[in-house]
Amino acid sequence: AQSVTQPDIHITVSEGASLELRCNYSYGATPYLFWYVQSPGQGLQLLLKYFSGDTLVQGIKGFEAEFKRSQSSFNLRKPSVHWSDAAEYFCAVEGSGTYKYIFGTGTRLKVLA
Amino acid sequence: EAGVAQSPRYKIIEKRQSVAFWCNPISGHATLYWYQQILGQGPKLLIQFQNNGVVDDSQLPKDRFSAERLKGVDSTLKIQPAKLEDSAVYLCASTPGGDLTIGQFFGPGTRLTVL
(Lines give C-alpha, C1' and ligand atoms only; values in the text may rest on other atoms or scores of the structure.)
Protein backbone atom coordinates (compact mmCIF):
# COMPACT_ATOMS: atom_id res chain seq x y z
CA ALA A 1 0.00 0.00 0.00
CA GLN A 2 1.12 3.51 -0.71
CA SER A 3 2.20 5.59 2.26
CA VAL A 4 3.96 8.83 3.03
CA THR A 5 6.01 9.52 6.13
CA GLN A 6 7.08 12.91 7.37
CA PRO A 7 9.33 12.13 10.34
CA ASP A 8 9.47 15.64 11.76
CA ILE A 9 6.27 16.95 13.35
CA HIS A 10 7.76 20.33 14.27
CA ILE A 11 10.84 22.17 13.01
CA THR A 12 12.12 25.53 14.23
CA VAL A 13 14.67 27.55 12.29
CA SER A 14 15.97 31.07 12.47
CA GLU A 15 15.15 33.51 9.73
CA GLY A 16 17.84 33.37 7.06
CA ALA A 17 18.86 29.83 7.92
CA SER A 18 18.55 26.93 5.53
CA LEU A 19 15.71 24.44 5.73
CA GLU A 20 15.19 20.79 4.88
CA LEU A 21 11.91 18.98 5.46
CA ARG A 22 11.97 15.23 5.09
CA CYS A 23 9.52 13.03 3.21
CA ASN A 24 9.71 9.29 2.62
CA TYR A 25 7.26 7.35 0.52
CA SER A 26 6.37 3.75 -0.03
CA TYR A 27 5.27 2.82 -3.50
CA GLY A 28 6.14 0.08 -5.97
CA ALA A 29 6.78 2.21 -9.02
CA THR A 30 7.82 5.80 -9.50
CA PRO A 31 5.06 7.87 -8.02
CA TYR A 32 4.05 11.42 -8.65
CA LEU A 33 5.26 13.44 -5.65
CA PHE A 34 4.07 16.78 -4.38
CA TRP A 35 4.75 19.28 -1.64
CA TYR A 36 1.95 21.50 -0.39
CA VAL A 37 1.97 24.37 2.09
CA GLN A 38 -0.90 25.30 4.38
CA SER A 39 -0.92 28.65 6.11
CA PRO A 40 -3.23 29.11 9.12
CA GLY A 41 -6.87 29.18 8.08
CA GLN A 42 -6.01 28.52 4.46
CA GLY A 43 -6.38 25.65 2.06
CA LEU A 44 -3.36 23.81 0.71
CA GLN A 45 -1.23 25.42 -1.97
CA LEU A 46 0.99 23.44 -4.32
CA LEU A 47 4.69 24.28 -3.91
CA LEU A 48 6.22 21.86 -6.39
CA LYS A 49 5.87 18.45 -7.95
CA TYR A 50 7.92 15.62 -9.42
CA PHE A 51 6.76 13.11 -11.99
CA SER A 52 9.76 12.37 -14.21
CA GLY A 53 13.01 13.74 -15.57
CA ASP A 54 15.37 15.90 -13.57
CA THR A 55 15.34 14.73 -9.97
CA LEU A 56 15.85 18.27 -8.63
CA VAL A 57 12.69 20.29 -9.06
CA GLN A 58 12.13 23.96 -8.46
CA GLY A 59 8.95 25.35 -7.02
CA ILE A 60 7.38 28.59 -5.97
CA LYS A 61 8.60 30.83 -3.15
CA GLY A 62 12.22 29.71 -3.60
CA PHE A 63 11.62 26.08 -2.60
CA GLU A 64 13.20 23.06 -4.26
CA ALA A 65 12.99 19.32 -3.71
CA GLU A 66 15.12 16.37 -4.71
CA PHE A 67 13.78 12.96 -5.63
CA LYS A 68 16.05 10.12 -4.53
CA ARG A 69 14.77 6.76 -5.71
CA SER A 70 17.37 4.78 -3.75
CA GLN A 71 16.20 6.37 -0.51
CA SER A 72 12.51 6.63 -1.40
CA SER A 73 12.73 10.26 -0.40
CA PHE A 74 11.53 13.61 -1.68
CA ASN A 75 12.94 16.20 0.71
CA LEU A 76 12.00 19.86 0.51
CA ARG A 77 14.69 22.52 0.83
CA LYS A 78 15.09 26.25 0.95
CA PRO A 79 18.47 27.99 1.25
CA SER A 80 17.25 30.97 3.29
CA VAL A 81 13.99 30.92 5.23
CA HIS A 82 11.78 33.98 5.56
CA TRP A 83 9.41 34.64 8.46
CA SER A 84 6.49 34.29 6.04
CA ASP A 85 7.44 30.65 5.43
CA ALA A 86 6.04 29.69 8.83
CA ALA A 87 3.26 27.25 7.99
CA GLU A 88 2.53 23.55 7.79
CA TYR A 89 4.04 21.54 4.97
CA PHE A 90 2.58 18.35 3.53
CA CYS A 91 4.17 15.79 1.26
CA ALA A 92 1.82 13.81 -0.96
CA VAL A 93 2.06 10.90 -3.39
CA GLU A 94 -0.16 9.88 -6.28
CA GLY A 95 0.27 6.63 -8.08
CA SER A 96 -1.16 4.14 -10.51
CA GLY A 97 -3.08 6.73 -12.45
CA THR A 98 -5.88 6.68 -9.91
CA TYR A 99 -5.83 10.42 -9.33
CA LYS A 100 -5.79 9.42 -5.67
CA TYR A 101 -3.47 11.40 -3.45
CA ILE A 102 -2.13 10.26 -0.09
CA PHE A 103 -0.82 12.89 2.27
CA GLY A 104 1.74 12.73 5.03
CA THR A 105 0.94 13.96 8.52
CA GLY A 106 2.67 17.26 7.95
CA THR A 107 5.59 19.23 9.39
CA ARG A 108 4.89 22.47 11.19
CA LEU A 109 7.58 25.06 10.56
CA LYS A 110 8.28 27.83 13.03
CA VAL A 111 10.60 30.68 12.05
CA LEU A 112 12.43 32.67 14.71
CA ALA A 113 13.15 36.33 14.05
CA GLU B 1 -9.48 31.99 -12.87
CA ALA B 2 -11.71 31.53 -9.84
CA GLY B 3 -10.52 29.03 -7.27
CA VAL B 4 -12.35 26.27 -5.44
CA ALA B 5 -15.18 27.74 -3.39
CA GLN B 6 -16.47 26.27 -0.15
CA SER B 7 -19.19 27.27 2.25
CA PRO B 8 -19.71 27.78 5.06
CA ARG B 9 -16.23 28.58 6.35
CA TYR B 10 -17.14 27.73 9.93
CA LYS B 11 -19.88 25.67 11.52
CA ILE B 12 -20.61 24.81 15.13
CA ILE B 13 -23.24 22.18 15.92
CA GLU B 14 -24.31 19.91 18.75
CA LYS B 15 -23.64 16.19 18.52
CA ARG B 16 -26.40 14.23 16.82
CA GLN B 17 -27.31 17.22 14.66
CA SER B 18 -26.87 17.20 10.91
CA VAL B 19 -24.71 19.49 8.79
CA ALA B 20 -23.97 20.01 5.11
CA PHE B 21 -21.02 21.50 3.30
CA TRP B 22 -20.94 22.83 -0.22
CA CYS B 23 -18.12 22.91 -2.75
CA ASN B 24 -17.86 24.48 -6.19
CA PRO B 25 -14.72 23.32 -8.00
CA ILE B 26 -12.74 25.20 -10.61
CA SER B 27 -14.68 25.41 -13.84
CA GLY B 28 -14.03 22.43 -16.09
CA HIS B 29 -12.40 20.29 -13.42
CA ALA B 30 -13.79 16.79 -13.76
CA THR B 31 -12.35 15.31 -10.56
CA LEU B 32 -13.52 16.47 -7.15
CA TYR B 33 -12.30 15.34 -3.74
CA TRP B 34 -13.52 15.72 -0.19
CA TYR B 35 -10.94 15.41 2.57
CA GLN B 36 -11.20 15.39 6.33
CA GLN B 37 -8.32 17.05 8.17
CA ILE B 38 -8.29 16.48 11.89
CA LEU B 39 -6.14 18.86 13.92
CA GLY B 40 -2.49 17.84 13.72
CA GLN B 41 -2.99 15.38 10.88
CA GLY B 42 -2.75 15.38 7.13
CA PRO B 43 -5.82 15.42 4.92
CA LYS B 44 -7.58 12.07 4.67
CA LEU B 45 -9.54 11.34 1.51
CA LEU B 46 -13.23 10.75 2.16
CA ILE B 47 -14.59 10.54 -1.35
CA GLN B 48 -13.46 11.12 -4.92
CA PHE B 49 -15.76 11.94 -7.84
CA GLN B 50 -15.03 11.76 -11.55
CA ASN B 51 -17.71 13.97 -13.11
CA ASN B 52 -20.85 12.82 -11.27
CA GLY B 53 -19.66 9.28 -10.53
CA VAL B 54 -17.96 8.03 -7.38
CA VAL B 55 -14.42 6.73 -7.97
CA ASP B 56 -13.41 6.02 -4.38
CA ASP B 57 -15.43 6.23 -1.18
CA SER B 58 -13.63 3.50 0.74
CA GLN B 59 -12.84 5.80 3.67
CA LEU B 60 -16.23 7.48 3.89
CA PRO B 61 -18.15 6.46 7.04
CA LYS B 62 -21.27 5.65 5.11
CA ASP B 63 -23.46 5.16 8.17
CA ARG B 64 -23.34 8.91 8.79
CA PHE B 65 -21.61 10.62 5.86
CA SER B 66 -23.00 11.08 2.38
CA ALA B 67 -21.89 13.08 -0.63
CA GLU B 68 -23.27 13.84 -4.03
CA ARG B 69 -22.26 15.61 -7.21
CA LEU B 70 -25.45 15.39 -9.20
CA LYS B 71 -24.60 17.46 -12.27
CA GLY B 72 -20.87 16.83 -12.25
CA VAL B 73 -20.12 20.34 -11.06
CA ASP B 74 -20.69 21.37 -7.45
CA SER B 75 -20.91 18.93 -4.59
CA THR B 76 -22.35 18.61 -1.11
CA LEU B 77 -21.06 16.59 1.81
CA LYS B 78 -23.48 15.77 4.61
CA ILE B 79 -23.02 14.38 8.10
CA GLN B 80 -26.05 12.97 9.90
CA PRO B 81 -25.87 12.54 12.84
CA ALA B 82 -22.62 14.25 13.81
CA LYS B 83 -20.30 12.89 16.48
CA LEU B 84 -17.69 14.66 18.54
CA GLU B 85 -14.91 13.00 16.55
CA ASP B 86 -16.20 14.63 13.35
CA SER B 87 -14.72 17.93 14.50
CA ALA B 88 -12.24 18.74 11.73
CA VAL B 89 -11.62 20.88 8.70
CA TYR B 90 -13.34 19.55 5.59
CA LEU B 91 -11.39 20.37 2.47
CA CYS B 92 -12.61 20.24 -1.08
CA ALA B 93 -10.17 19.94 -3.96
CA SER B 94 -10.40 19.54 -7.71
CA THR B 95 -8.24 18.60 -10.67
CA PRO B 96 -8.84 18.71 -14.40
CA GLY B 97 -8.81 14.92 -14.41
CA GLY B 98 -6.77 14.47 -17.55
CA ASP B 99 -3.35 15.48 -16.29
CA LEU B 100 -1.93 13.73 -13.26
CA THR B 101 0.99 16.10 -13.03
CA ILE B 102 -0.92 19.25 -12.24
CA GLY B 103 -1.74 18.37 -8.65
CA GLN B 104 -4.85 19.40 -6.83
CA PHE B 105 -6.41 22.79 -6.22
CA PHE B 106 -7.82 23.23 -2.74
CA GLY B 107 -10.56 25.37 -1.34
CA PRO B 108 -10.17 27.21 2.00
CA GLY B 109 -12.02 24.48 3.90
CA THR B 110 -14.92 24.37 6.33
CA ARG B 111 -14.02 24.15 10.00
CA LEU B 112 -16.58 22.02 11.83
CA THR B 113 -16.84 21.99 15.61
CA VAL B 114 -19.13 19.41 17.18
CA LEU B 115 -20.04 20.13 20.81
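Here is how names work: the chains are called A, B, and so on, in the same order as the sequence lines, proteins then strands, and each is numbered from 1. Nothing here was measured: the structure is a model prediction, and the numbers come from that model.
The aromatic rings of A/Tyr36 and A/Phe103 sit tilted, their planes meeting at an angle between 30° and 60°. Between B/Phe106 and B/Tyr35, the ring-plane angle classifies as tilted under the 30° and 60° cut-offs.
No cation-pi contact links A/Lys49 to A/Phe34, judged by a cut-off of 6.0 Å to the six-membered ring centre and 45° from its axis.
At a 4.5 Å heavy-atom cutoff, the contact between B/Gln104 and chain A is made by backbone and side-chain atoms alike. In this structure, chain B has a heavy atom under 4.5 Å from the side chain of A/Gln38, while its backbone stays farther away. Proximity to chain B (any heavy atom under 4.5 Å) is restricted, for A/Leu46, to the side chain, taken from C-beta onward. Contacts between B/Arg9 and chain A at a heavy-atom distance below 4.5 Å involve the side chain alone, from C-beta outward.
For A/Phe63 and A/Tyr89, the ring centers are positioned less than 6.0 Å apart.
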